[in-house]
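Written out below as structure tokens is the structure these notes cover.
Throughout, protein chains are lettered first and strands after them, A, B, ... in sequence-line order, and every chain is numbered starting at 1.
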Amino acid sequence: MRWSQTFLPTMKETPADAEIPSHQLMLRAGLIRQLMAGAYTYLPLGLRALKKAEAIVREEMDAAGAIELLMPALQPIDLFERTGRKSAFGNVLINFNIRRGDRTVHLALGPTHEEVITDLIAKHVSSYRQLPLCLYQIQTKFRNEERPRFGVLRTSEFLMKDAYSFHTSLESLNETYQKMYRAYCRIFARCGLDYLPVEAESGPIGGDASHEFMIPAANGEDQIVFCKKTGYAANLERAETGRQTPAIAAPADAQPLQKVSTPNVGSIDAVCKFLKCSPQQMVKTLIYVADGKPVGVLLRGDHEANEGKIRRVLEAKDLQLADPSTIFQVTGAPVGFAGPVGLKCEFIADHDVPLVANAVTGANEEDMHLTGVNVVRDYALKTTYDLRNAAAGDPSPRGEGTLELVHGIEVGHVFKLGTKYSVSLDAVYDDEKEFRQPMIMGCYGIGVNRIIAGLAETRFDDNGLIWPLAVAPYSVLLCPLGVTDTETMELTERLYAELQANGVDVLLDDRDQRPGFKFKDADLIGIPLRVVIGGKGLKEGLIEVKWRSEAEAKKLPVDGIGPAILKLLADRRAEEAARVPG
RNA sequence: CGGGAUGUAGCUCAGCUUGGCUAGAGCGCCUGGUUUGGGACCAGGAAGUCGCAGGUUCGAAUCCUGUCAUCCCGACCA
């Protein structure tokens, strides 16, 4: 492609609306333009990158035995009512009425396609002989994001690869799950992403039933916990800690229990400021209602409750923070003054709670707190549990190493669904003994746009983007200096034709611009290999070849430059491929 | 949905506090010339319903009210 013929609007200045690197660079490099909040046009250059990523996804899905199809984005609302997801999605589900003659038809724009595919399979698969089956599509999804943000990372319309598998047994599901997991590793590695598979919330099946694929990035919306030493990685919701129940004993230097007045001082922050203590010295008492029964949950003041863990410890189906009247009932005080001493309901404590010596807690009395609170003497604990979100510095659950906390961008998710959709949409088959069984399902998603945004977010320098060869919109940028010089242009044209004949994606910067101008644009759009023809190099019979990812250029003789470039590309491709797991 | 900020030329922004000549600058764009290895220079030029609506006023980019849009923080995210 000739630069002068395509539509590639680059920008020297950073648009004020863009804050994070990927958004700024994708705008500046002419990859995308915003239409409205959460909706972006992919310009020719951005579309090429997106298509490259899409092709890699397609290749790996095919290789893993998934079969491609294409389902409608338009879906009848009825399907979502049958699975209960109309209300589960709520406002996120874009749906509306349209008129057809004298009828009104209620439609949704697909936020994902479990319903459609399950309905399809329910209608056409009825025997165990037809299973297992794994189908996928690459298609635009619609979700009414309450708050679209971070450019292309969180939008209301996005390209997703979604795959669904159907099985007669958990073993079969696990086999496909593993295949998908491996395919995902290969996909992200091929795309040049520094990815991390993490354990995620396991949902209906439990156990090791869900993994998210994350790109560690400062601007990622998700928090992930990982341990370098043991390789343990999980999202914050799910992450366990290796902490144990400590010795439950009062400290030697126990101070006397004292009641202090803290008028209108209810929050941890406010109490700390008022009493000049730190959150680590406090024990906070959250009152939950578990299956209708109030329960106190004790945590160190600076820690965050993890409701999943609390629910599991309590073996509760339903768990909610208590309302003010319940809190008044069990504490005798308004919200903000609960504490373990004299609490009128059962309570459980996190492992770190008994370690807080001479703690500050609520006094279960309006506008009062206690200081010098110590376990055993002032309140009793039989044991402790892991009830909070993991924090940096916690021991890894694998016995050694410590946990770190990083932000990540979720690019993929594999999930064992179980029979939720097959039951509600009647996707059943007859087994060998003619028993009717619901199909066991898995689903597997990849945010294709996020592959591109994730690369832009993690691979750049002061001058612009740095594409890996595998996803770069073009592999080579030919950069003739002096487009009016006949010798330069003849050579350039010959090389352009030669590379194209060998299947190389080439962009030819044929604009009549000064060298500096062209170099700045070249760096900004980040094409992996820049080939400079003309100027002082050409006078010596040399052509300058420079990788975007490296600082130094190589000078190669004009003779044999075509094959030399092909060799460089082949070597680089091999290098990138070497990082892909088998 | 709660909190905050912003809206003036394609982009970045000034002007608004304290209303007053024809609304400005840089970049980009067009014309001509000089340049040509890291976003050149000179000369000339085009480009704006000052987000929109209403109000106050002799007079509004500027003050007031409403509204829309965008961004950020938080809540939410099968």
Side-chain angles (χ1 to χ4, degrees), chain A residues 7 9-20 23-24 27-30 33-40 79-80 83-93 108 110-115 118 141-151 153-156 158 160 162 164 200-204 210 212 219-223 235-237 321 410 413 415-418 420-421 424 441 443 445 447 462-464 479-485 488 509 511-525 530 532-540 542-544 546 551 553 555:
Chain A
F7 178 54
T10 58
M11 282 189 279
K12 190 150 80 173
E13 287 179 285
T14 304
D17 280 347
E19 290 226 337
I20 65 170
H23 192 195
Q24 295 178 343
L27 286 167
R28 288 223 294 136
R33 283 296 180 268
Q34 184 179 49
L35 176 63
M36 59 179 186
Y40 287 82
L79 280 179
F80 288 93
T83 57
R85 288 215 298 177
K86 182 172 186 286
S87 60
F89 271 118
N91 195 35
V92 171
L93 184 69
T112 170
H113 279 71
E114 277 86 356
E115 281 82 359
T118 307
K141 298 285 188 277
F142 299 88
R143 294 180 191 181
N144 178 34
E145 288 297 340
E146 294 292 322
R147 190 183 153 210
R149 62 183 127 178
F150 299 141
L153 276 176
R154 189 164 199 83
T155 53
S156 292
F158 56 96
M160 182 170 166
D162 48 326
Y164 308 90
E201 209 43 58
S202 55
S210 169
E212 290 168 346
N219 289 304
E221 288 187 90
D222 295 281
Q223 290 212 286
N235 74 16
L236 189 59
E237 281 285 287
L321 273 172
E410 184 188 349
H413 196 171
F415 197 91
K416 295 178 192 172
L417 278 175
K420 173 174 162 68
Y421 296 97
S424 54
M441 293 174 60
C443 70
D462 288 347
N463 293 316
C479 200
L481 301 184
V483 295
T484 49
D485 181 66
T488 302
D509 188 354
R511 296 172 302 171
D512 188 7
Q513 289 288 355
R514 298 160 62 87
F517 184 95
K518 289 190 171 194
F519 293 158
K520 285 289 186 190
D521 258 354
D523 285 349
L524 179 58
I525 68 172
R530 189 187 77 188
V532 178
I533 302 141
K536 41 194 196 196
L538 194 58
K539 282 184 197 124
E540 299 159 27
L542 295 173
I543 285 179
E544 182 187 289
K546 181 179 171 299
K555 299 229 165 126

Atom pair [atom1]/[atom2] of [X] and [Y] - distance to nearest 0.5 Å:
{"X": "A:Asp509", "Y": "A:Lys518", "atom1": "CG", "atom2": "NZ", "value": "4.0 Å"}
{"X": "A:Leu524", "Y": "A:Phe519", "atom1": "CG", "atom2": "CZ", "value": "15.0 Å"}
{"X": "A:Ser156", "Y": "A:Glu146", "atom1": "OG", "atom2": "CD", "value": "9.5 Å"}
{"X": "A:Ser424", "Y": "A:Glu115", "atom1": "OG", "atom2": "CD", "value": "7.5 Å"}
{"X": "A:Arg28", "Y": "A:Thr14", "atom1": "CZ", "atom2": "OG1", "value": "4.5 Å"}
{"X": "A:Glu212", "Y": "A:Asn235", "atom1": "CD", "atom2": "CG", "value": "4.5 Å"}

Contact class for [X] (heavy atom, under 4.0 Å): base, sugar-phosphate, or nothing?
{"X": "A:Asp523", "result": "base"}
{"X": "A:Ala88", "result": "nothing"}
{"X": "A:Thr14", "result": "sugar-phosphate"}
{"X": "A:Phe150", "result": "sugar-phosphate"}
{"X": "A:Glu145", "result": "nothing"}
{"X": "A:Gly537", "result": "base"}
{"X": "A:Arg33", "result": "nothing"}
{"X": "A:Gly482", "result": "nothing"}
{"X": "A:Gln34", "result": "sugar-phosphate"}

* **Salt bridge present between A:Glu221 and A:Arg149 (N-O < 4.0 angstrom)** => yes
* To do: Flag the pair A:Glu114 and A:Arg85 as a salt bridge only when some basic side-chain nitrogen lies within less than 4.0 angstrom of an acidic carboxylate oxygen.
  => yes
Selection from [options] that lies nearest to any side-chain heavy atom of [X]:
{"X": "A:Arg149", "options": "B:G74, B:U70, B:G38", "value": "B:G74"}
{"X": "A:Arg85", "options": "B:C27, B:G37, B:A78", "value": "B:A78"}
{"X": "A:Glu544", "options": "B:A75, B:G37, B:G39", "value": "B:G37"}
{"X": "A:Asp521", "options": "B:G39, B:U12, B:C73", "value": "B:G39"}
{"X": "A:Phe89", "options": "B:A78, B:G39, B:C76", "value": "B:A78"}
{"X": "A:Lys520", "options": "B:U70, B:C72, B:G39", "value": "B:G39"}
{"X": "A:Arg28", "options": "B:A75, B:G39, B:C71", "value": "B:G39"}
{"X": "A:Leu481", "options": "B:C73, B:G37, B:G39", "value": "B:G37"}

* Asked: Quick one: on RNA chain B, does A:Gly38 or A:Pro15 contact a more 5' nucleotide (nearest heavy atom)?
  -> A:Pro15
* **Position toward the 5' end of RNA chain B (nearest nucleotide), A:Ala18 or A:Arg143** => A:Ala18
* At under 4.0 Å, does any side-chain N or O of A:Arg147 touch on OP1 or OP2 of B:C71? -> no
Please report the distance separating the [atom1] of [N] from the corresponding atom of [M], rounded so that it comes out in whole Å.
{"N": "B:G28", "M": "B:G19", "atom1": "C1'", "answer": "33 Å"}
{"N": "B:C52", "M": "B:C42", "atom1": "P", "answer": "35 Å"}
{"N": "B:A9", "M": "B:G48", "atom1": "C1'", "answer": "5 Å"}
{"N": "B:U18", "M": "B:C63", "atom1": "C1'", "answer": "11 Å"}
{"N": "B:C13", "M": "B:U8", "atom1": "C1'", "answer": "10 Å"}
{"N": "B:A23", "M": "B:A60", "atom1": "P", "answer": "13 Å"}
{"N": "B:A46", "M": "B:G32", "atom1": "C1'", "answer": "15 Å"}
{"N": "B:A61", "M": "B:C73", "atom1": "P", "answer": "34 Å"}

Opposite nucleotide pairing with [N], Watson-Crick or G-U, both atom distances under 3.5 Å:
{"N": "B:G2", "result": "B:C73"}
{"N": "B:G32", "result": "B:C42"}
{"N": "B:G48", "result": "none"}
{"N": "B:U17", "result": "none"}
{"N": "B:U65", "result": "B:A53"}
{"N": "B:U12", "result": "B:A25"}

* Asked: Is there a donor and acceptor pair, one atom on the side chain of A:Glu13 and one on the base of B:G10, closer than 3.5 Å?
  -> no
Report the distance from atom [atom1] of [X] to atom [atom2] of [N], rounded to the nearest whole Å.
{"X": "A:His23", "N": "B:U70", "atom1": "NE2", "atom2": "P", "result": "12 Å"}
{"X": "A:Met36", "N": "B:C71", "atom1": "CE", "atom2": "P", "result": "11 Å"}
{"X": "A:Gln513", "N": "B:C27", "atom1": "CD", "atom2": "C1'", "result": "14 Å"}
{"X": "A:Leu321", "N": "B:A75", "atom1": "CG", "atom2": "P", "result": "14 Å"}
{"X": "A:Arg514", "N": "B:U34", "atom1": "CZ", "atom2": "P", "result": "14 Å"}
{"X": "A:Phe517", "N": "B:G39", "atom1": "CZ", "atom2": "P", "result": "11 Å"}
{"X": "A:Lys12", "N": "B:G39", "atom1": "NZ", "atom2": "C1'", "result": "4 Å"}
{"X": "A:Glu221", "N": "B:A75", "atom1": "CD", "atom2": "C1'", "result": "13 Å"}

* Asked: Is the Lys NZ or Arg CZ of A:Arg143 less than 6.0 Å from the centre of A:Phe89's six-membered ring, within 45° of the axis?
  -> no
